[in-house]
Amino acid sequence: MKKLRHPTRWLRYSVLATILTLIFYVAFGYGKRSFEAFCPFGGMESLWGLYQSGEFSCTLGPLNLSLLIGVLVLALIARKAFCGWACPIGFLSELASRFTSLFWRRRPQPSEKAEKGLKLLRYVVLVAALYFTYKSEELILRGYDPFFLLFSGFGHGSLGIVSWIVFAALVVGAFLIPMFFCRYLCPMGATFDPFSKVGMLKVVRNESSCTMCGACQRKCPQNLAPQSVVKLRHQDCTLCLECLDACPIDKTLELRAMI
Ligand code: SF4
Ligand code: SF4
């Protein structure tokens, strides 16, 4: 029987497609809750209101907080696995990137210095989102949030033409730079960073069998370089395991639990 290529990717895409379908199902009004109840960042946006008045903001509720706690605990074990295995925006970004790769194989990547600078933007977004949400007691990010705009169909809280421009820019960005929103702008990604940095599961490289061919980095959606380290501790690793699938030498890259 023919061996399935990229077995982990198919498993991961099946999980992601199921979650995406469920969110659309809820967004179309078939569930008991709003689709916003399934956003862990809603838990972050609720923290100040809960501290101040014991109440959740707008449509948010206990499920948002439970999800936030759950994904942060998960990050201590499996780093940003939520981004690679559950987030519908991450999934759509990856599909956009894969589509572009069909006809633009070697996309230019920002230099290392530019990449570091651009990644700081997600902390700016995080601080701005929390500051304005806590100050106004409204979910101020809605008009700029691809998750809300997509699943609400630019519903209540969107900012008309401004939201369309922001959304269009994010879509263009997704086709030009792999994982554009996730890498540079996602406030949930910024929240994960300190937890992911110490996450237990890691991609580990066997130096003696590695040929430094670079296939692992070329396939990494986050443009990380497993070939340049022995233990990959980078906070942006989503444990998508594309690098393991791509490595041509058996047992050179492995997933291991370690401190
Ligand atoms: S794909 Fe495997 S052999 Fe090639 S550089 Fe990466 S770890 Fe080394
Ligand atoms: S290093 Fe490997 S597991 Fe981590 S994000 Fe890149 S391809 Fe995925």
Side-chain angles (χ1 to χ4, degrees), residues 3-17 19 71 74-101 105-110 112 115-116 118-119 122 174 177-186 188-259:
K3 206 175 150 196
L4 183 68
R5 282 186 73 208
H6 308 300
T8 320
R9 184 188 300 166
W10 287 114
L11 172 66
R12 194 165 60 84
Y13 279 11
S14 307
V15 173
L16 285 161
I19 292 173
V71 296
L74 176 71
L76 290 174
I77 302 164
R79 310 153 70 76
K80 286 190 179 170
F82 171 82
C83 310
W85 289 79
C87 177
I89 296 300
F91 182 37
L92 294 174
S93 300
E94 200 176 322
L95 292 183
S97 166
R98 214 162 273 291
F99 176 75
T100 312
S101 304
R105 286 206 164 267
R106 290 284 171 94
R107 263 173 287 177
Q109 290 282 355
E112 212 172 301
E115 179 81 3
K116 274 189 185 156
L118 286 167
K119 282 184 176 177
R122 62 191 186 208
I177 301 181
M179 315 307 283
F180 172 74
F181 177 77
C182 315
R183 274 158 78 175
Y184 306 135
L185 298 171
C186 178
M188 192 63 229
T191 310
F192 278 135
D193 280 346
F195 297 83
S196 173
K197 191 83 188 159
V198 295
M200 232 171 20
L201 288 173
K202 289 177 186 65
V203 170
V204 177
R205 182 175 63 101
N206 182 346
E207 280 182 288
S208 57
S209 56
C210 174
T211 61
M212 297 298 282
C213 67
C216 46
Q217 181 171 12
R218 286 195 293 279
K219 290 291 176 187
C220 175
Q222 306 290 334
N223 194 32
L224 305 181
Q227 79 276 20
S228 62
V229 289
V230 175
K231 293 176 201 164
L232 189 74
R233 296 182 188 278
H234 200 290
Q235 70 269 24
D236 283 349
C237 179
T238 63
L239 294 190
C240 67
L241 307 185
E242 288 287 331
C243 53
L244 267 71
D245 272 1
C247 181
I249 317 286
D250 204 26
K251 293 196 175 4
T252 296
L253 286 182
E254 288 179 311
L255 184 66
R256 292 216 198 122
M258 55 174 63
I259 306 290

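In listed order, ligands and their atoms are each counted from 1. What you see below is based on every heavy atom in this structure, not just the backbone, and it leaves out hydrogens, waters and symmetry mates. Position 1 is the first residue of the sequence; numbering continues from there. In this text the structure is predicted, and so the values were computed from the model without any measurement.
Looking from atom 7 (S) of ligand 1 to the surrounding protein, the closest heavy atom is L253 CG, 3.6 Å. At the shortest separation from atom 2 (Fe) of ligand 1 among protein heavy atoms lies C247 SG, 2.3 Å. Scanning the protein for heavy atoms near atom 8 (Fe) of ligand 1, the closest one is C210 SG, 2.3 Å. If you check which protein heavy atom lies closest to atom 6 (Fe) of ligand 1, you get C216 SG, 2.3 Å. Protein heavy atom nearest atom 4 (Fe) of ligand 1, with residue, atom name and distance: C213 SG, 2.3 Å.
A salt bridge is absent between E254 and R205; no separation between the charged side-chain nitrogens and carboxylate oxygens falls under 4.0 Å. In summary, K80 and D236 engage in a salt bridge, as defined by a charged side-chain N under 4.0 Å from a carboxylate O. Looking at E242 and R98, a side-chain N of the basic residue comes within less than 4.0 Å of a carboxylate O on the acidic one, giving a salt bridge. A salt bridge between E94 and R12 is present, with a side-chain N of the basic residue lying under 4.0 Å from a carboxylate O of the acidic one.
Under a 3.5 Å cut-off, the side chain of R79 and the backbone N or O of K202 do not form any donor-acceptor pair.
Within ligand 1, counting atoms from 1 as listed, the ones closer than 4.0 Å to a heavy atom of M212 are 5 (S), 8 (Fe). Close contacts of ligand 2 with C243, meaning ligand atoms under 4.0 Å from a residue heavy atom, involve 1 (S), 2 (Fe), 3 (S), 7 (S).
When the heavy-atom distances from atom 5 (S) of ligand 1 to P226, P248, G214 are ranked, the shortest goes to G214.
Between atom 4 (Fe) of ligand 2 and C240 there is no N/O/S contact shorter than 2.8 Å.
With a 4.0 Å heavy-atom cut-off, ligand 1 is reached by the backbone of T211 and by its side chain too. Contacts between Q227 and ligand 1, counted as non-hydrogen atom pairs separated by less than 4.0 Å, involve the side chain only. Contacts of T238 with ligand 2, taken as heavy-atom pairs under 4.0 Å, involve both backbone and side chain.
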